[in-house]
Every structure is written in structure tokens, then in C-alpha cells.
A.B. asks: 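One structure, pasted below without further comment.
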Amino acid sequence: MRIRHIEVFYHVYQEGSISAAARNLFVSQPSVSKVLRHAEDQLGFALFDRRKGRLYPTKAADELFKEVSEIYGRVSALNRTAGNIRGRKGGHLRIGVLPSLGFAIAPPLVAAMRVDEPGVSFDLATLHSEEITAALLEKRFDLCVGFDDEFDDRIRCQTINSVNLSVLSQRGTFDDDLTSLPSHVLDGREIIGLRGSGPVADRVSAYLEQAGVTPLVAISAQTYYIAAQLVELGAGAAIVDGFTARRFKSDMVAAHDLDGSPALPFVAMTLAEQSDDALIEKCVKTMHRLFG
């Protein structure tokens, strides 16, 4: 089947009539009828039974529609993408951000970029640390933002800043006037653990082991947002990065730095071969200005 056959078959199947399909496709009824007949000739079997002015799909058409609807959906997505590309005036950036940085970094970065470069368009998505290398090499993203700076030579890492580990807790759990906490206050305390949080989790484990502290993970959450909500409801404290701590600090939730905690490098990652891309460099400079 050709793309035009798929398009006509899809609309005739959905609408049950040549006339309705023609209206959706903005073409004449004879044109739709001709393409449909040609599709049936090419396939070698009937797609519809024609009874009393309506078309009823055959069993073969029902079976074929499952595949056709997927293809038609992909073609429609392709057309939308082509339309978006055609309408871009000032360039386009695809940015991948760790879930822990999704709230703190992406919105202010894009808002600032749109002020300086109003013609630039963006695609934003979250991804995990272990996905960054493949995402950049496969050119699914132009720029990734995270904490890990240990990549091979194909990935260019530009350190923007660094943050320490922090503790989120319901206010009153610790002395709210303290800006930092000693590690021993976590020993034997029930906390909310963060499952699969990449380099942050690695540094938390190393810090606790070096300090000889063993908190009890009573609840394991996959996202920082869920962990912060649990903290607010008094379900326990959570060890997070400084960006997350500042993002979720509120009248209900206190944030304390952890004494002696390791610094987490906050890094912009791109393909080394894209080092001369002016728009990417503009985005990195904006991050330096906002978060450096």
C-alpha cells in the first residue's frame, strides 16, 4: 500500500462513507473512490462491502486497520514535526535534564533563553544519568544537564557550578534555625530513600559510609517530587541534592545542608563535535549566568 492508499483507507474506515472521508481529506468523492479501488486492486482483496450507500469493512480490512492506524499515526506525527521545523525562526534546542533538575533548572533556563532569543523553540524531556551518553551520541538531544562529569572523549562536559547534599524534613524535625546538620543525626533514623537516582545516590552512599552513619530506608521513592511530598506529610526525611532542597523548601518543609558532604558538579553536556554550535553555547552561557 502506498501512503495515499493508507490515508484514504484510514478515513473511509473511520467514517464509514466516501463522502465523509472526502470532506476530511479536502478532496472530491470521485478522487477518494478512485484511490480506494486502486488500493483494493493492489492488495488483491476487497476492503469494504458496499450496502445501501454505506461501506462496511471486511474482516480483512479490520485486520489491516490495526497496522494502518499505527502507520497513519506515525505519518501524522512526521507531518507535525515537519510543520514545526518549517515554522521555526531562530533555531531549535532539544534539552534533556535529570528528573532532580527538571523543576529547578529547565523552566528558568528556557524562560531566560526566550527573552534573549524569542525565535528559539525547545523540546524538554527528563532522562537518567545512564541514558545521557546514548542520548547525545544518537543525537536525540542537543544538550543534557546533570551531575555526572565522567564521560568519554566524545562528550564535552562544562561545569556550571556545584551543590552539596541536603536533608529535606518536615519543619520541627530538626532545629529550623540551623543551616546545616551533622551526619550523626541521621544514624538509625528512618528516611525516604531515592531509588535509581544515579550519581546523587552514589555520593549519598559514599558519604554515609565514610561518616559511619546508617539511616533506615523506611520508604523508597523513584522521584524527588514524591519524596518531597512524603516529607511534607511527615513520613520521614530525605537526602537530596542542593537544587532539589531549594526547590521544595517551603513553610512546611525545611532544608538543611549536610556537614562535610561532597560537592556535586552541576554539568552541561554536549557532543564534543558540536563545540562550535552558537545556539548551544548561548544556552550554556545562560546557565552560567543563572546558576554559576
Side-chain angles (χ1 to χ4, degrees), residues 96-105 126-136 144-170 173-175 178-231 235-249 253-269 287 291-292:
V97 187
L98 293 186
S100 58
L101 296 173
F103 287 112
I105 299 301
T126 58
L127 78 171
H128 296 287
S129 293
E130 62 271 16
E131 300 174 299
I132 289 175
T133 297
L136 288 171
C144 291
V145 184
F147 289 121
D148 202 351
D149 59 356
E150 297 180 359
F151 294 90
D152 62 41
D153 293 340
R154 295 171 296 176
I155 307 300
R156 181 189 183 201
C157 297
Q158 299 183 69
T159 301
I160 307 299
N161 206 332
S162 62
V163 292
N164 294 325
L165 298 178
S166 299
V167 176
L168 283 179
S169 62
Q170 193 176 49
T173 303
F174 305 106
D175 186 345
L178 295 176
T179 57
S180 63
L181 296 174
S183 59
H184 68 77
V185 300
L186 298 173
D187 196 31
R189 179 181 291 273
E190 290 189 346
I191 66 169
I192 300 159
L194 288 162
R195 184 170 65 253
S197 54
V200 177
D202 294 340
R203 284 169 172 80
V204 168
S205 296
Y207 169 75
L208 294 175
E209 183 177 353
Q210 184 176 2
V213 173
T214 307
L216 304 176
V217 179
I219 304 170
S220 182
Q222 190 170 10
T223 69
Y224 288 87
Y225 182 80
I226 292 175
Q229 290 295 301
L230 287 167
V231 168
I239 304 173
V240 299
D241 64 89
F243 276 120
T244 298
R246 288 196 289 271
R247 169 62 181 82
F248 289 106
K249 183 179 179 180
V253 176
H256 302 273
D257 288 339
L258 273 172
D259 288 342
S261 69
L264 294 165
F266 164 43
V267 178
M269 292 155 281
M287 274 192 281
F291 309 111

A.B. asks: Is the backbone N or O of H128 less than 3.5 Å from a side-chain atom of E131, with the two atoms forming a donor-acceptor pair by type?
C.D. replies: yes

A.B. asks: Which atoms form the tightest heavy-atom contact between I192 and A221, and what is the distance?
C.D. replies: CG2-CB, 4.3 Å

A.B. asks: Is there side-chain contact between V145 and M269, with heavy atoms separated by less than 4.5 Å?
C.D. replies: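 No, too far: nothing below the 4.5 Å cut-off.
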
A.B. asks: Going by the rule side chain to side chain donor-acceptor pair (under 3.5 Å), which residues pair with S180 if we only count those two or more places apart in sequence or in a different chain?
C.D. replies: D259

A.B. asks: How close do A263 and R203 get, counting heavy atoms only, and between which atoms?
C.D. replies: O-NE, 3.9 Å

A.B. asks: Backbone N or O of F266 within a donor-acceptor pair of the N161 side chain at under 3.5 Å?
C.D. replies: no

A.B. asks: At their closest point, which heavy atom of C157 faces which heavy atom of V267, and how far apart are they?
C.D. replies: CB-CG1, 3.6 Å

A.B. asks: Output all residues satisfying side chain to side chain donor-acceptor pair (under 3.5 Å) with D257, sequence neighbours left out; order by chain, then residue number.
C.D. replies: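 D257: side chain to side chain donor-acceptor pair (under 3.5 Å) contacts with S166.
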
A.B. asks: Would you indicate whether F174, at its atom CZ, is surrounded by more than 12 heavy atoms from other residues, nucleotides or ligands within a distance under 6.0 Å?
C.D. replies: yes

A.B. asks: Of all the heavy-atom pairs spanning L258 and S183, show the shortest one and how long it is.
C.D. replies: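 Distance-wise, the nearest heavy atoms are CD2-CA, 4.5 Å.
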
A.B. asks: Quick check: do L264 and L165 have side-chain heavy atoms less than 4.5 Å from each other?
C.D. replies: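 When only atoms from C-beta onward are counted, L165 and L264 do touch, with a gap below 4.5 Å.
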
A.B. asks: What distance separates L230 CG from L168 CG, expressed to the nearest 0.5 Å?
C.D. replies: 11.5 Å

A.B. asks: To the nearest 0.5 Å, what is the distance between CG (L101) and SG (C144)?
C.D. replies: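 The CG atom of L101 sits 11.5 Å away from the SG atom of C144.
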
A.B. asks: Using 0.5 Å steps for rounding, measure from the CG atom of D175 to the NE2 atom of H256.
C.D. replies: 7.5 Å

A.B. asks: Is any side-chain heavy atom of V167 less than 4.5 Å from a side-chain heavy atom of R189?
C.D. replies: no

A.B. asks: Between the side chain of D187 and the main-chain N/O of T214, is any donor-acceptor distance below 3.5 Å?
C.D. replies: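 Looks like yes, one N/O pair under 3.5 Å.
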
A.B. asks: Could you tell me which residues satisfy salt bridge (charged side-chain N to carboxylate O under 4.0 Å, His left out) with R246, sequence neighbours excluded, listed by chain and number?
C.D. replies: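 With neighbours one apart ignored, the set is empty.
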
A.B. asks: Nearest 0.5 Å, what's the OH-CG distance between Y207 and L186?
C.D. replies: 7.0 Å

A.B. asks: Drop me the distance from I239's CD1 to S169's OG, to the nearest 0.5 angstrom.
C.D. replies: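 Rounded to the nearest 0.5 Å, the CD1-OG separation comes out at 11.5 Å.
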
A.B. asks: Evaluate the side-chain proximity of F147 to F243: yes if any heavy-atom separation is below 4.5 Å, no if none is.
C.D. replies: yes

A.B. asks: Roughly how far, to the nearest 0.5 Å, is OG of S162 from CG of D241?
C.D. replies: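 OG of S162 is found 11.5 Å from CG of D241.
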
